[in-house]
Protein chains: 4
Amino acid sequence: MLSASASPPKQTRGERTRGALVRAAANRFQERGFDKATTGEIARDAGVAEGTLFLHFGSKTGLLLGVMESFYQSLVEELAEEASRGGTAEARLRHLVHFWLRRVHRDWRLMRVFGQHGRFSDDPDMIVRFAEMNRRITRFFGGIFEDLKAVGAIRSDLPTYVLRDALFGAAEHLLIGMDTTGRERDLGEASEHLCDLLLGPAPPSALRSSTTKRGPVGLEDIDAKLDRILEAVVSDDPPDDPT
Amino acid sequence: MLSASASPPKQTRGERTRGALVRAAANRFQERGFDKATTGEIARDAGVAEGTLFLHFGSKTGLLLGVMESFYQSLVEELAEEASRGGTAEARLRHLVHFWLRRVHRDWRLMRVFGQHGRFSDDPDMIVRFAEMNRRITRFFGGIFEDLKAVGAIRSDLPTYVLRDALFGAAEHLLIGMDTTGRERDLGEASEHLCDLLLGPAPPSALRSSTTKRGPVGLEDIDAKLDRILEAVVSDDPPDDPT
Amino acid sequence: MLSASASPPKQTRGERTRGALVRAAANRFQERGFDKATTGEIARDAGVAEGTLFLHFGSKTGLLLGVMESFYQSLVEELAEEASRGGTAEARLRHLVHFWLRRVHRDWRLMRVFGQHGRFSDDPDMIVRFAEMNRRITRFFGGIFEDLKAVGAIRSDLPTYVLRDALFGAAEHLLIGMDTTGRERDLGEASEHLCDLLLGPAPPSALRSSTTKRGPVGLEDIDAKLDRILEAVVSDDPPDDPT
Amino acid sequence: MLSASASPPKQTRGERTRGALVRAAANRFQERGFDKATTGEIARDAGVAEGTLFLHFGSKTGLLLGVMESFYQSLVEELAEEASRGGTAEARLRHLVHFWLRRVHRDWRLMRVFGQHGRFSDDPDMIVRFAEMNRRITRFFGGIFEDLKAVGAIRSDLPTYVLRDALFGAAEHLLIGMDTTGRERDLGEASEHLCDLLLGPAPPSALRSSTTKRGPVGLEDIDAKLDRILEAVVSDDPPDDPT
DNA sequence: GATGAATGAGAATTCATTCAT
DNA sequence: GATGAATGAATTCTCATTCAT
């Protein structure tokens with residue numbers, strides 16, 4: 001989960017403890033969900049007494065908040081870095097979507113916990129904080145959509161919220177489906193398809209990116225597909241939503 | 001929630017009790033989630049003793065299963081009725097999507113509970129049953145997508161699963177967004193936009209009539225068909241899910 | 001504590017359980033105070049599972065309320081019976097005060113718990129209920145004081161509240177003193193003295209009651225007192241307030 | 001609470017810390033009671049680390065002891081000053097009672113905590129110390145009562161302990177009643193009434209002059225003196241308590 | 001003297017489930 | 001079929017106290 005930071009030597013004992021707790025909690029929340037994960041378990045994993053958990057985070061919900069903040073902070077950083085790579089708006093979208101799919105793939109269970117409790121917690125603070133974090137994330141994509149519309153690469157008659165919901169919703173369903181059914185999907189391909197959907201059909205010129213290139217069909221293509229069909233006789237099941 | 005059926009007079013006492021429990025449970029699950037809803041309050045709402053609940057459903061999970069079955073049964077019936085209205089594939093899609101949005105709008109919290117517990121329950125029976133129900137739902141849309149591709153109304157390069165994930169995912173995000181933020185959206189408009197996205201911009205010519213020929217059969221045609229087969233085989237067993 | 005009722009055969013299981021819990025709780029509250037008594041302990045004493053306690057009383061505070069109600073109910077009944085004995089207002093006062101001293105002597109620790117938590121609980125319901133019970137008790141004495149004033153047996157220039165506070169306060173301090181210091185006092189004598197104080201000095205005639213009779217002093221009296229002085233070289237400690 | 005003394009400039013750091021802790025603790029004990037006040041909040045209020053509290057007082061009980069000592073020390077000083085004003089025994093009583101009412105009015109919650117824990121603590125040291133402090137207080141009043149009896153201003157047939165219990169008990173009930181019911185009482189009036197009760201109605205003649213002789217010595221006189229001795233011996237060690 | 005981080009033994013409460021009637 | 005009373009394991013949270021720095 002949250003990586004065991006290669007800590008620059010300066011860190012108080014308290015900081016180390018907090019870190020260990022956040023990491024242990026992220027793991028437990030991910031694998032068992034918030035409600036089924038117990039504070040006892042988490043403390044034990046972190047190698048501290050249960051009371052220490054409450055010393056640092058005040059409550060189980062406070063701990064979740066801590067995990068969320070830690071998670072979204074690095075997520076935003078990564079996203080910022082990925083988004084900083086130049087290119088046309090379309091290239092940036094394709095790049096970010098691909099990144100998003102891979103990123104969410106790693107942590108969708110945890111993000112699902114965030115979504116569930118960030119939105120429906122009894123603690124209003126939690127709800128507010130979660131909304132903020134979420135906004136920081138969606139902004140990245142919302143901005144690009146606006147750019148694309150301005151440039152004419154996306155039909156301007158589609159409201160941004162539909163595009164955004166389609167993007168995040170599709171990603172979520174896709175990833176959950178993969179994880180709960182065991183069916184493997186090539187995330188690169190999937191993200192290309194998803195972008196294709198959002199961007200609409202290729203404008204006259206051939207801007208198509210490599211994976212989706214539609215050159216003349218050869219026997220190789222057919223053979224590859226037959227292979228996949230043969231494999232497909234085995235797989236099984238359905239997906240849901242991350243955040 | 002599940003409507004208090006104007007019951008045809010004949011019903012055993014047991015049936016009436018079961019019904020009351022299912023209705024009460026649906027309400028509680030919806031408003032408090034599965035875990036926070038207690039068997040005690042459900043029994044009280046239903047006007048029976050707590051023991052009676054276990055007499056009929058064996059366990060809380062069993063009760064959830066009962067609620068799910070009752071829910072999906074009517075959902076499938078409604079969907080079947082809506083889908084039976086004729087029209088072009090596109091008209092059927094637009095109609096069903098609109099219906100879906102309105103329908104899910106009413107019960108998204110409950111469906112969210114189903115999705116959560118149907119997929120991640122410890123009870124394997126629960127998982128299997130949920131998958132079946134889900135498949136019954138997705139089939140309606142999957143079929144239409146195939147038709148639309150066949151007809152050329154949807155670009156055949158987009159795999160069905162992407163369309164399906166985009167549809168269900170977008171619907172879910174849209175509805176949750178409405179409910180948690182209080183922001184009102186016109187569901188009619190939203191469903192039109194969503195269909196516009198899925199269908200892509202209207203093609204220039206009259207390719208939309210249902211049985212247009214596309215010239216001599218080439219490898220491209222075969223390849224396209226293999227695409228459909230591939231999609232069908234992979235997704236008929238493990239389809240995407242609308243929760 | 002609360003007497004193990006010689007139950008008339010009709011009593012549901014629940015009633016028996018409630019009774020056992022109330023009795024066990026009264027004991028524990030009395031000997032350890034409300035805060036230090038644990039629900040686990042009480043349940044064990046009552047021979048039921050800890051959960052059962054909460055089934056019947058909802059919370060530890062609810063249990064205290066149950067104990068209080070049970071206690072004050074019998075107290076009021078006893079008081080009503082004692083008060084029903086006729087006689088002059090003075091005779092009734094002397095009788096009731098004597099009864100009160102004996103009664104509180106038995107349960108002052110418990111009554112102290114009631115006073116503490118009945119007045120300072122966070123639960124407003126508790127406070128209201130306690131105030132009501134208390135009023136029911138004080139009314140008995142307040143009424144008599146009014147009668148005595150009307151009759152001229154008590155100086156009418158003393159407000160009733162002073163008399164009442166002096167009575168209850170003195171009783172409380174007296175009893176606590178006895179219990180915490182181990183010093184024995186004759187409750188009959190003490191109640192006579194207390195009444196003497198409240199009533200003021202004897203009117204001309206010799207209404208003095210038997211224990212306080214001041215006949216001619218004999219050597220026996222002096223000898224008895226010397227005995228007590230000799231013993232007194234050993235005793236120790238101080239008192240507090242019941243309710 | 002305990003006043004922030006305008007300290008004579010010389011005070012070690014330790015003394016200042018102790019003082020801050022005692023003041024903070026007095027406040028917390030008063031408003032939340034001993035058990036509900038936590039060492040954490042007290043330390044925070046005092047502006048020191050929690051560990052520091054234990055450094056100075058060893059335990060929470062030790063802290064209470066510290067507060068008690070500080071409190072009773074000033075109380076005794078104040079009382080001594082008030083008592084030093086001359087006048088007849090009766091005037092001194094009236095003055096002291098009035099002072100007592102006003103004084104207790106300010107701090108009855110805290111004194112209640114002292115009474116509760118000073119008497120029922122598990123720590124035997126606490127009990128002993130509390131008893132000593134208490135004795136120092138009661139002596140002031142006990143002495144006056146003896147004087148008044150000697151002078152004939154109080155009927156000598158009432159044992160001192162009854163007077164003392166009535167005084168302290170009435171004061172306590174009166175003050176608690178005021179605070180918990182919100183009912184305002186004029187403390188000046190109340191103290192007059194209370195003294196009137198204790199002193200009884202003014203005797204007809206001039207028996208109140210300080211050294212009135214009462215004729216030839218008889219057994220009655222000896223007996224009365226034995227009463228006083230008896231009382232003194234029994235109550236000088238274990239006196240009644242003003243809490 | 002002082003700190004702040006850590007501790008761990010409780011405590012109250014919850015709730016799905018069982019079972020005698 | 002139905003009930004209501006009982007259960008007891010599990011869980012979160014509190015707080016006085018300790019101790020290395």
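In the text below, chain A, chain B and the rest are named by the order of the sequence lines, each starting its count at 1.
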Specify the separation, in whole Å, of atom [atom1] of [X] and atom [atom2] of [N].
X        : N      : atom1 : atom2 : value
A:Leu53  : E:dA5  : CG    : P     : 15 Å
B:Glu41  : E:dT14 : CD    : P     : 12 Å
C:Arg44  : F:dA6  : CZ    : C1'   : 18 Å
B:Leu65  : E:dA16 : CG    : C1'   : 17 Å
A:Leu21  : E:dA5  : CG    : P     : 13 Å
B:Glu15  : F:dA2  : CD    : C1'   : 16 Å
A:Asp122 : F:dT12 : CG    : P     : 15 Å
D:Leu64  : F:dT17 : CG    : C1'   : 17 Å

Under 4.0 Å: is that the gap between some side-chain N or O of [X] and OP1 or OP2 of [N]?
X       : N      : value
B:Thr17 : F:dA2  : yes
C:Thr52 : F:dT7  : yes
D:Thr39 : F:dC15 : no

Touch class at under 4.0 angstrom, heavy-atom based, for B:Ala43 against every strand present: nothing
B:Lys60 side, atom NZ; B:Phe34 side, atom CZ - distance, nearest 0.5 Å: 4.5 Å
Nearest-0.5 Å distance that lies between atom CG in C:Leu63 and atom CE in C:Met68: 12.0 Å
Student check: side-chain heavy atoms of [X] and [Y] closer than 4.5 Å:
X        : Y        : result
A:Val113 : A:Gln30  : no
A:Phe120 : B:Arg112 : yes
C:Asp35  : C:Gln116 : no

For the residue pair [X] and [Y], what are the closest heavy atoms and their distance?
X        : Y        : value
A:Ser121 : A:Ile127 : O-CD1, 3.5 Å
C:Ala24  : C:Asp45  : CB-CB, 3.7 Å
A:Asp125 : A:Leu65  : OD2-CD2, 3.7 Å

Proximal nucleotide (of E:dG4, E:dC15, E:dA12) relative to the D:Ala49 side chain: E:dG4
Given DNA chain F, 5'-ward residue of the pair D:Asp35 and A:Arg13, judged by closest heavy atom: D:Asp35
Residue whose nearest DNA chain F nucleotide is more 5′ - C:Glu50 or A:Ala37: C:Glu50
Nucleotide pairing, DNA chain E (Watson-Crick or G-U, distances under 3.5 Å), in dot-bracket with [ ] and |: .||||||||||||||||||||
Selection: residues 54-63 of chain C, any non-hydrogen atom under 4.0 Å of DNA chain F: C:Leu55, C:His56
Donor-acceptor contact present, side-chain A:Glu50 to main-chain A:Gly40, <3.5 Å: yes
Parallel, tilted or perpendicular: rings of A:Phe130 and A:Tyr72 (30°, 60°): perpendicular
5' priority, DNA chain E, between A:Gly14 and B:Thr38 [closest heavy atom]: A:Gly14
